[in-house]
Amino acid sequence: MRRQIACAAALLAFGTVLTGGGVAAADSAGSSGQVATKGAFKCEEWGRTGVTDRRTAVHVGLSSSSKVVGYLAKGERVKAYYRCTNSAGNIWYEITGDVENSPRFIWSGNV
């Protein structure tokens, strides 16, 4: 059975590619699959490692206008757990692997 996870920035399913909204809000712990979404995106499991080629902002969402919560230094090694494409067609990487509680994204152009 596929288990869907709702989080503040992405809607993903284990082992699958899924399309959904850029901001998801779950009802009762997200277990029922009922999710309200805004904005389109598509994410897939990625599991690859790269190195930042410049100082890189870490965002809470899949957009350069989403809140920045920190920075990675140039030359820092980072693992991308998920590869996500937002509604504008830009590719972002989810770097925490914890999509339920604290997803964080970096733009692919910096890796």
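These values consider heavy atoms only, across backbone and side chains, with no hydrogens, waters or symmetry-generated copies.
Scanning for side-chain contact (heavy atoms from CB on, under 4.5 Å) contacts around Lys74 gives an empty result, with sequence neighbours left out. Annotation: side-chain contact (heavy atoms from CB on, under 4.5 Å) contacts of Thr49 (sequence neighbours excluded): Arg77, Lys79. For Arg104, there are no salt bridge (charged side-chain N to carboxylate O under 4.0 Å, His left out) partners at least two apart in sequence or on another chain. Every residue meeting the side-chain contact (heavy atoms from CB on, under 4.5 Å) condition with Arg54, not counting sequence neighbours, appears here in chain and number order: Thr56, Trp107, Asn110.
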side-chain contact (heavy atoms from CB on, under 4.5 Å) between Glu45 and Tyr82, intermediate numbers included: CA-CA 4 Å; Glu45 286 184 332; Tyr82 294 92; 3.5 Å; yes

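Grouped with Val68 in one hydrophobic cluster are Tyr71, the linkage being side-chain heavy-atom contacts under 4.5 Å among Ile, Leu, Val, Met, Phe, Trp and Tyr residues.
Of all heavy-atom pairs between Leu62 and Cys84, the closest is CD2-CB, 3.6 Å.
Contacts classified as salt bridge (charged side-chain N to carboxylate O under 4.0 Å, His left out) and involving residues 81-91 (residues at least two apart or in different chains) are given here: Glu44-Arg83.
A donor-acceptor distance shorter than 3.5 angstrom exists from the side chain of Ser108 to the backbone of Ile91, with no hydrogens or angles considered.
Classified by interplanar angle (parallel below 30°, tilted 30° to 60°, perpendicular above 60°), the ring pair Trp92/His59 is perpendicular.
If you take CZ on Phe105 and CG on Asn86, they are separated by 10.5 Å, rounding to the nearest 0.5 Å.
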